[in-house]
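Take a look at the structure set out below.
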Amino acid sequence: MIITEKYTKVLIAGAGPSGLMMAAQLLRNGVQPLIIDSKQGPTDQSKALAVQARSLEIYRQMGINDKVLPNGKAAKGLSFSQDGREMAALPLSNIGEGQTMFPYVFLYQQSKNERALLDYLTQNCSPVYWNTSLITLQQSADGVEAVLKNNEGEYTIKCDWVVGADGAHSVVRKQSQIPFTGDTYPHFFYLADVTLDAKFLEDEYIKLFIGRKGITGFFPLPEKNRYRVIGSLPAEFGEREDIQIEELLPAIEDITTSPVRVVENHWFTTYKLHHRMAERFREQRCFLIGDSAHIHSPVGGQGMNTGLQDAYNLAWKLAGVINGRMRPGILDSYATERIPVAKQLLKTTDRGFNIGISANWFVGLFRKWILPLVLNYAWKKQSIREVLFKMVSQIGISYRDSKINLHLSKSTQIKAGDRLPYLKVFDEKKEIETDLHEWCSKPGFTLIVLGKFDEMYLFTLAKWITNKYPGMLNFFYLPPSGKNLDVFNTFETDPRQQKAIIVRPDMHIGYLNDVVDIGMMDNYLQNVVGLM
């Protein structure tokens, strides 16, 4: 495809889930990007599998959940087995009930994620230039000069900004001379997308097996009898690259102590796992998201979801600067908010992964005798299940320490920087049930005021928004009522008091105050966020 553009506001290198989400969020906020990828087209391989609740909340805000949900399925449970004996079975159905509209782990292949996001781009007339590589970048104070190449020729394009979503071997990261520190796990692994005939998988639980010949995990896919299988490659295979899935069946059957028959092999590969992180997520006008910024083990199904959230965090800020509605200083908050998330993710996935594969005798004893007891005991405690779900689903991620948030409330359970809780709301005016997340479905910030106000003050608030923040601040009022007591209780207030909540475009609370004061909200939006 010939590239006719000589200039673009944003060049996105990489059209995997992170890059596609970045493009979709920019489009949602009124910015048309240029998206390139060196691949021939979107992946047809399952690759990443779990879509966590936080990602589904983003998809809902984008209005594409009706296409996503029918084509995946919620995991029923998770089981751990040692030498063929089940040590723990943990039900997952509705584990996050009341915390989100999506209280489960959703199994939905990366190829389907990419297709859903590509459809969104197509509907918004934003093509992806496939088979197009980024060759070089040259930064200056007022922009970036990028050299691109495809079968039709070589192109030099001026860009205001560049987003590197081009994976572990990121050209953007290398051209920006950002170190990518970390290591490679010594073990080789295999990954397969297969249709199986195996009786022990019929309950459709995610099943993890540990045995003498390594580890194997089975993840049920939405299609009947189809599974993602991942495991450590037995030592006798060395570093062979021509391995067939059938050769691994004896080792798999030894680990599971059950017969397994491959009905159809859809995809099979062997690889090594890495845990690395970029030392910076930004260099002048270039940003890194997803695997370009951090890679880690697949423990917990966090990788793709973290990349989606990177894009979700950066896009509204970058669009605000490009559209002249926010000061450039807000872009510094991308790295300060997302680097701690990436560091914690690498730490927890590395720890969990090492427990699973370690040959250390003490770790082996812990894995065999202590870990199952801990898991079975913990799963009986609702409070522990809630904490674990918040971690895995990523709804527990908070930016409380970020400089673009302002907490002026006595509330201690929910603070500025936290994700807006999912709370059902009865709309007295329309006489319908909705929820706070639905109120935040439009682009821009959202002001929610709780308490009793006279009509004149509500009119004053609406006039202030119309005059100063048209199209940038949406407004909702929740008066006291018996049907909405949960909302007031969650925000630690009562119907006789007032509360002002300004929700950021990424559904994190930016401002929380126990009074509804226009001057104080103006100060937050102009001097803390930097709206213009």
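Since the model is a prediction, treat every value here as computed from it, not as a measurement.
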- Just wondering, do Met22 and Pro33 contact through their side chains at under 4.5 Å, heavy atoms? no

- Can you name the nearest heavy-atom pair linking Arg115 to Pro42, along with the distance? NH2-CG, 3.4 Å

- Item | Ion pair check, Asp119 and Lys67, cut-off under 4.0 Å | no

- Check the angle between the aromatic planes of Trp464 and Tyr469 and answer parallel, tilted or perpendicular using the 30° and 60° thresholds. perpendicular

- Which heavy-atom pair separates Ala75 from Leu92 by the least distance, and what is that distance? O-CB, 3.7 Å

- Message: Restricting to non-hydrogen atoms, name the atom on Leu107 and the atom on Pro220 that form the minimum distance, rounded to 0.1 Å.
- Response: CD1-O, 2.9 Å

- Task: Could you tell me if the ring centre of Phe287 sits under 6.0 Å from that of Phe281?
- Result: no

- Decide if the gap between the ring center of Phe445 and the ring center of Trp316 is smaller than 6.0 angstrom. yes

- With a 4.0 Å cut-off, would you call Asp486 and Lys424 a salt bridge? no

- If you measure from the Lys or Arg side-chain nitrogens to the Asp or Glu carboxylate oxygens, is any gap between Glu431 and Lys483 under 4.0 Å? no

- Are the side chains of Phe476 and Leu447 in touch, meaning some heavy atoms are under 4.5 Å apart? no

- Item | Residue pair Asn305 / Ser55, side-chain donor-acceptor N/O under 3.5 Å | yes

- Under a 4.0 Å N-O cut-off, is there an ion pair linking Lys112 with Asp44? no

- Item | Any residue meeting ring-ring contact (aromatic ring centres under 6.0 Å, His included) with Phe488, in chain and number order, not counting sequence neighbours | none

- Message: Please determine whether a side-chain nitrogen of the Lys or Arg among Glu492 and Lys499 lies less than 4.0 Å from a carboxylate oxygen of the Asp or Glu.
- Response: no

- Task: Quick one: do Lys468 and Asp522 satisfy salt bridge (charged side-chain N to carboxylate O under 4.0 Å, His left out)? Show the steps, please.
- Result: CA-CA 9 Å; Lys468 293 201 71 171; Asp522 243 344; 3.2 Å; yes

- Message: Does either side chain, that of Ser441 or that of Gln61, offer a donor lying less than 3.5 Å from an acceptor on the other one?
- Response: no

- Determine, for Glu57 against Arg60, whether the closest basic-nitrogen to carboxylate-oxygen distance falls under 4.0 angstrom. no

- Can you name the closest pair of heavy atoms from Phe389 and Gln99 and give their distance? CD2-NE2, 3.8 Å

- Message: So which atom in Pro421 and which in Ile509 form the shortest heavy-atom distance, rounded to 0.1 Å?
- Response: CD-CD1, 4.3 Å

- Inspect the surroundings of CG in Asp401 and state if more than 12 heavy atoms from other residues, nucleotides or ligands are less than 6.0 Å away. no

- Test item: Leu485 and Pro495 side chains (from C-beta on) under 4.5 Å apart, heavy atoms: yes

- How about Gln25 and Met62: do any of their side-chain heavy atoms sit closer than 4.5 Å? yes

- Query: Any Lys/Arg nitrogen of Lys73 or Glu204 sitting under 4.0 Å from an Asp/Glu carboxylate oxygen of the other?
  - Reply: yes

- Taking all non-hydrogen atoms of both residues into account, name the closest pair between Leu406 and Ala416 and its distance. O-CB, 3.6 Å

- Message: For Phe106 and Tyr104, take the angle between the two ring planes, folded into 0 to 90°, and tell me which bin it lands in: parallel under 30, tilted 30 to 60, perpendicular over 60.
- Response: tilted

- Query: So, Tyr59 versus Asn113: side-chain donor-acceptor pair below 3.5 Å or not?
  - Reply: yes

- Task: Answer with yes or no whether the side chains of Gln394 and Gln309 bring together a donor and an acceptor at under 3.5 Å.
- Result: yes

- Task: Inspect the surroundings of NZ in Lys343 and state if more than 12 heavy atoms from other residues, nucleotides or ligands are less than 6.0 Å away.
- Result: no

- Task: Before accepting this row, confirm whether a basic side-chain N of the pair Asp332/Arg282 lies closer than 4.0 Å to the acidic partner's carboxylate O.
- Result: yes

- Would you mind reporting whether Phe491 and Gln413 have side-chain heavy atoms less than 4.5 Å apart? no

- Do Tyr511 and Ile501 have side-chain heavy atoms sitting under 4.5 Å apart? no

- Query: Quick one: do the Tyr399 and Asp418 side chains pair a donor with an acceptor below 3.5 Å?
  - Reply: no

- Item | Lys NZ or Arg CZ of Arg173 over Phe180 ring: under 6.0 Å, within 45° | yes

- Give a yes or no on whether Phe459 atom CZ has more than 12 heavy-atom contacts from other residues, nucleotides or ligands under 6.0 Å away. no

- Task: Answer whether the closest heavy-atom distance between the side chains of Leu221 and Leu49 falls below 4.5 Å.
- Result: yes

- Message: Within the 3.5 Å criterion, strictly below it, is a donor on Ser126 or Gln32 matched to an acceptor on the partner's side chain?
- Response: yes

- Give a yes or no on this: more than 12 heavy atoms of other residues, nucleotides or ligands lie within 6.0 Å of atom CE of Met472. yes

- Message: If we count only N and O atoms by modelled type, under 3.5 Å, do the side chains of Ser140 and Asp142 hold a donor and an acceptor together?
- Response: yes

- Could you tell me whether the side chains of Asn313 and Lys317 share a donor-acceptor contact shorter than 3.5 Å? yes

- Query: With sequence neighbours excluded, what pairs up with His437 under the ring-ring contact (aromatic ring centres under 6.0 Å, His included) test?
  - Reply: Tyr422

- Message: Taking the basic N atoms (NZ, or NE/NH1/NH2) and the acidic carboxylate oxygens, is any pair closer than 4.0 Å for Arg338 and Asp310?
- Response: yes

- Side chains of Met521 and Leu461: does their closest heavy-atom pair fall under 4.5 Å? yes

